[in-house]
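Here's the structure we're looking at; comments come further down.
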Amino acid sequence: MDGIYKNGKVFSIKKSQPILVQSEGATHDKEFYFLSNLDQNIAVIIQTVYCFKQDGMNSSKNVANVIKQALAKVLVHFYPLAGKLTISPDGKLIVECSNDGVPFVEAVADCSMDVLGDISTIPDPAMLGELVHTVPEAKNILEMPLLTAQVTRFKCGGFVLGMTINHCMTDGISAMEFVNSWAETARGISLSVPPFVDRSILRSRQPPKINYDHKEFMEIKDKSNMERLYQEEQMVYKSFHFDQEKLGRLKKLAMEDEVIKSCTSFTVLTALVWRARSKALKMRSDQETKLLFAVDGRSKFNPPLPKGYFGNGIVLTCCLCKVGELIEKPFSYAVGLVQDAIKMVNEDFIRSTIDYFEVTRARPSLTATLLITSWTRLSFDTTNFGWGDPTQSGCVTLPEKEVALFLSKGKEKGTTLLLGLPLTAMKTFQELIQA
């Protein structure tokens, strides 16, 4: 029985021992499964939860069994997820198609699901962490399962599906396609987007051709001693909602000096967060700072990547400048940098990124860096296992301290920002972002 103190009472969950759910049938003869160079740099565990209310027509007593059986069936199509990570002879991550299976846990909570509150507005990693299955004894990423699942039933009849997945297996788009395929399988219908599992279409060119500087991999010196701040202070997570009116004001501010003629909600919000976070962390004006964010590359190829491409079709693009320039120049300057970074991403840039890793084996440095991940276009709230769409969904915690996440909140228009900062920096950030 695990328990934490929440809203004046102990929130405790009784969990079963994990069982391994294997693919119901072998549809391949591969011993190893190739991961592209776009998969190599992001082998971090992403934890998400999906909350479902009791359906008046459908008791949730058998929900764990339904989801478990559907998992065995959908793993026939997504067979690499039942395997395990290993290192290839050339020193890269690869999947051994062992069909060891996916750890699956059934759990029962001693309270109503209401105790969870609004998980996107008031994130509580300690509480939400109880709703996913992790392997604490794993010493490194190779010992962690590629996928785990936990179904927790609450007294009210509602339940939560908690999932962990290794980012080297999926980006946000293919993760949602997997979860929705799993849900379709549970409902007994055929897959609307069958996976395209052959990642060899993103192999490096031979010989490799590096046509860009790829500053996203550049090491930056921590002149501002930010690392000490992170070590000395408690990390605090908060969320901030930007409705259409706030986003409209930011766009107006970005265009008031007429340097840029148009801008999107993503570009203005990204620029705002980058500036405010740099100030809040008290970065020196001569400190170089980097902004990284993912761009979906699927449509950038000619022809585009196949529909249902299973893997990472995203590439990181980069802005780099001195903090003094970022903060002292007009807001349009930061927005322009973000726009230029987006424009840079084409097929040649993505192929060059793939080849750069092939030659250097470099990983993006995160010193003095903000990494923005946007989930605003992901269909989190349409995952129906037979008990209706989720009432809410979201991430348990952020994978790295440098990561900020953009989310859509249910049917509300606008964007919710989630990030973590040291306590004093968060107080400053909050003042700046709400000014």
Side-chain angles (χ1 to χ4, degrees), residues 16 18-28 33 46 48-83 97 99-108 113 131-133 145-154 156-165 169-198 306-311 378-394 410-411:
S16 70
I19 63 164
L20 291 172
V21 177
Q22 295 174 303
S23 166
E24 208 170 66
T27 56
H28 64 93
Y33 178 74
I46 304 298
T48 50
V49 291
Y50 307 83
C51 305
F52 299 86
K53 280 190 175 169
Q54 181 171 11
D55 183 337
M57 305 285 293
N58 217 350
S59 166
S60 63
K61 281 188 177 175
N62 68 334
V63 65
N65 218 29
V66 169
I67 290 177
K68 182 168 53 180
Q69 288 176 4
L71 178 58
K73 288 183 171 72
V74 82
L75 285 173
V76 173
H77 305 280
F78 294 86
Y79 65 87
L81 290 172
C97 298
N99 197 20
D100 284 5
V102 173
F104 187 96
V105 170
E106 294 184 44
V108 179
M113 206 164 62
L131 301 173
V132 294
H133 174 63
L146 293 171
L147 174 71
T148 75
Q150 177 177 317
V151 174
T152 305
R153 287 192 298 118
F154 287 77
C156 58
F159 67 92
V160 172
L161 170 63
M163 183 179 86
T164 77
I165 196 163
M169 299 306 292
T170 59
D171 57 16
I173 291 168
S174 58
M176 284 314 306
E177 287 174 349
F178 162 68
V179 176
N180 287 331
S181 295
W182 184 3
E184 287 170 338
T185 304
R187 301 202 316 275
I189 61 177
S190 56
L191 305 190
S192 54
V193 186
F196 180 90
V197 296
D198 183 7
K307 189 178 181 186
Y309 177 80
F310 178 57
L378 301 183
S379 50
F380 275 109
D381 296 326
T382 58
T383 303
N384 181 355
F385 284 88
W387 284 265
D389 293 343
T391 55
Q392 58 174 343
S393 57
K411 304 290 182 279

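As the structure is a computational prediction, the values presented were derived from the model and not from experiment.
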Does a side chain donor of either Gln150 or Thr152 reach within less than 3.5 Å of an acceptor in the other side chain?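 Yes, Thr152 and Gln150 have a side-chain donor paired with an acceptor closer than 3.5 Å.
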At their closest point, which heavy atom of [X] faces which heavy atom of [Y], and how far apart are they?
{"X": "Glu24", "Y": "Lys73", "result": "OE1-CG, 3.4 Å"}
{"X": "Tyr33", "Y": "Val197", "result": "OH-O, 2.6 Å"}
{"X": "Pro390", "Y": "Thr383", "result": "CD-O, 3.4 Å"}
{"X": "Phe196", "Y": "Lys307", "result": "CB-O, 3.9 Å"}
{"X": "Met113", "Y": "Gly158", "result": "SD-C, 4.1 Å"}
{"X": "Trp387", "Y": "Phe52", "result": "O-CD2, 4.4 Å"}

Apply side-chain hydrogen bond (donor to acceptor under 3.5 Å, both in side chains) to Glu177 and list each qualifying residue two or more places apart in sequence or on a separate chain.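 None.
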Should [X] and [Y] count as side-chain neighbours, where that means a heavy-atom distance under 4.5 Å?
{"X": "Ile67", "Y": "Phe104", "value": "yes"}
{"X": "Leu147", "Y": "Leu71", "value": "yes"}
{"X": "Thr170", "Y": "Ile165", "value": "yes"}

Point-to-point distance, once rounded to the nearest 0.5 Å, from CG of Asn62 to CZ of Arg153: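 Output value for this atom pair is 9.0 Å.
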Separation of Thr148 OG1 from Leu81 CG (nearest 0.5 Å):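 It comes to 11.5 Å.
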Has Lys68 got more than 12 heavy atoms of other residues, nucleotides or ligands less than 6.0 Å from its NZ?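 Counting neighbours around NZ of Lys68, more than 12 heavy atoms of other residues, nucleotides or ligands fall under 6.0 Å, so yes.
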Phe78/Phe310 aromatic ring centres below 6.0 Å: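 That pair passes the under 6.0 Å test.
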Which one of Ile19, Leu75, Leu20 satisfies the side-chain contact (heavy atoms from CB on, under 4.5 Å) criterion with Val102?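 Passing option: Leu75.
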Is there a donor-acceptor contact under 3.5 Å from the side chain of Thr391 to the main chain of Lys53?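 Side chain of Thr391 to backbone of Lys53, a donor-acceptor pair under 3.5 Å: no, none is there.
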Under 3.5 Å donor-acceptor pairs involving side-chain atoms of residues 183-191, not counting sequence neighbours:
unit_1 : atom_1 : unit_2 : atom_2 : d
Glu184 : OE1    : Ser192 : N      : 3.0
Glu184 : OE1    : Ser192 : OG     : 3.4
Glu184 : OE2    : Ser192 : OG     : 2.6
Thr185 : OG1    : Ser181 : O      : 2.8
Arg187 : NH1    : Asn384 : O      : 2.5

